[in-house]
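First the structure, in the form of structure tokens, and then the observations on it.
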Amino acid sequence: MRVLVLNGPNLNLLGLREPEIYGSMTLSELEEEVRRAAETRGVEVQFFQSNQEGMLIDRLHQARGWADVVLLNGGGLTHTSVSLRDAVVGVGIPVIEIHLSNVHARETFRRRSLMAPVTVGQISGFGPCSYLLGLEAAIHVVKQQNRDPSSPRS
Ligand code: DQA
């Protein structure tokens, strides 16, 4: 099983950026934690971060034929990007939306996610653990798919 972890704008600043909201762990530390958890679960993972919408869309397109599930933290693009949402729909890979912070407990504009309606589900508010929960959710999604291939998002 293969999982792509896609991080959007400003997530490269984890550890420095608003640590009271996003914590002190850097992106590479977080990726290392996910890599270790994935290893113990027998999951292959790849990571990609970009501050550019088009790069994220290209990487999502490239994941076709490789990734079984994508964990997507679109950062601010979550709330604004029709193109990223179209890419999620277009690639047809199950995507799980991830946020470190609880986007529903912050500014009103963060409560709207353009991704949410086209993803399997959303994990929000658990800090770096959101990604580990996302990994477990990804395993669940693939198991469900194998049980019932006609219903990939059940
Ligand atoms: C975020 C939440 C977004 O609203 C914000 O723009 C981010 C990070 C999170 O992980 O909590 O960049 O996606």
Side-chain angles (χ1 to χ4, degrees), residues 1-39 41 43-64 66-142 153:
M1 174 184 162
R2 296 164 175 162
V3 172
L4 171 68
V5 181
L6 213 50
N7 279 299
N10 302 307
L11 289 158
N12 56 313
L13 295 181
L14 279 184
L16 299 171
R17 169 193 186 206
E18 299 176 273
E20 66 289 357
I21 295 174
Y22 299 115
S24 57
M25 190 180 276
T26 65
L27 183 59
S28 50
E29 288 166 348
L30 189 156
E31 288 179 348
E32 193 43 44
E33 225 176 86
V34 175
R35 193 189 306 284
R36 257 187 273 124
E39 217 172 278
R41 307 290 269 120
V43 176
E44 243 183 279
V45 267
Q46 287 187 357
F47 299 95
F48 183 76
Q49 187 277 329
S50 179
N51 294 322
Q52 288 158 49
E53 189 177 23
M55 300 269 280
L56 293 164
I57 292 168
D58 284 344
R59 189 63 190 86
L60 201 47
H61 290 181
Q62 280 167 22
R64 287 171 66 227
W66 186 84
D68 295 299
V69 180
V70 174
L71 303 185
L72 172 65
N73 186 346
L77 293 174
T78 304
H79 317 295
T80 60
S81 177
V82 172
S83 304
L84 188 57
R85 173 193 167 118
D86 286 348
V88 167
V89 176
V91 293
I93 305 169
V95 172
I96 297 169
E97 180 180 346
I98 305 289
H99 298 288
L100 292 142
S101 64
N102 178 354
V103 287
H104 302 284
R106 300 180 61 194
E107 301 95 327
T108 321
F109 64 84
R110 292 186 206 276
R111 288 185 205 152
R112 186 183 74 142
S113 165
L114 295 191
M115 307 305 138
V118 295
T119 56
V120 183
Q122 185 190 66
I123 300 173
S124 175
F126 298 95
C129 193
S130 290
Y131 290 80
L132 300 176
L133 294 169
L135 184 67
E136 289 305 313
I139 293 167
H140 168 78
V141 165
V142 169
R153 293 193 179 188

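Atoms within each ligand, like the ligands themselves, are counted from 1 in listed order. Quantities reported herein were computed from a predicted structural model and do not represent experimental measurements. Numbers here are sequence positions counted from 1. Only this structure's heavy atoms are used, side chains among them; waters, hydrogens and symmetry mates stay out.
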Would you check if Arg17 and Leu11 make a side-chain contact, meaning some heavy-atom pair closer than 4.5 Å?
yes
Can you list the residues that meet the side chain to side chain contact (heavy atoms under 4.5 Å, CB included) rule with Leu60, with sequence neighbours excluded?
Leu6, Val70, Leu84, Ala87, Val88, Val91
Crowded around Arg106 CZ? As in, over 12 foreign heavy atoms under 6.0 Å?
yes
Could you pull out every N or O of ligand 1 that sits under 3.5 Å from a protein N or O, with the distance for each pair?
residue	atom	partner	partner atom	Å
ligand 1	4 (O)	His79	NE2	2.7
ligand 1	4 (O)	Arg110	NH1	2.8
ligand 1	6 (O)	Gly76	N	3.1
ligand 1	6 (O)	Arg110	NH1	3.1
ligand 1	10 (O)	Asn73	ND2	2.8
ligand 1	10 (O)	Leu100	N	2.8
ligand 1	11 (O)	Leu100	N	3.3
ligand 1	11 (O)	Ser101	N	2.8
ligand 1	11 (O)	Ser101	OG	2.6
ligand 1	12 (O)	Arg17	NH1	3.2
ligand 1	12 (O)	Arg17	NH2	2.9
ligand 1	13 (O)	Asn73	OD1	2.7
ligand 1	13 (O)	His99	ND1	2.8

Output side-chain donor-acceptor pairs under 3.5 Å for residues 120-132, partner residues at least two apart or in another chain, one line each.
residue	atom	partner	partner atom	Å
Gln122	OE1	His104	NE2	2.8
Gln122	NE2	Glu97	OE2	3.0
Ser124	OG	Ser101	O	2.9
Ser124	OG	Val103	N	3.1
Ser130	OG	His99	O	2.8
Ser130	OG	Phe126	N	3.1
Ser130	OG	Gly127	O	3.2
Tyr131	OH	Asn7	OD1	2.5
Tyr131	OH	Asn73	ND2	3.0

Would you tell me whether Gln49 and Asn51 have side-chain atoms, one donor and one acceptor, within less than 3.5 Å of each other?
yes
Listed partners of Glu107 passing side chain to side chain donor-acceptor pair (under 3.5 Å), at least two apart:
Arg110
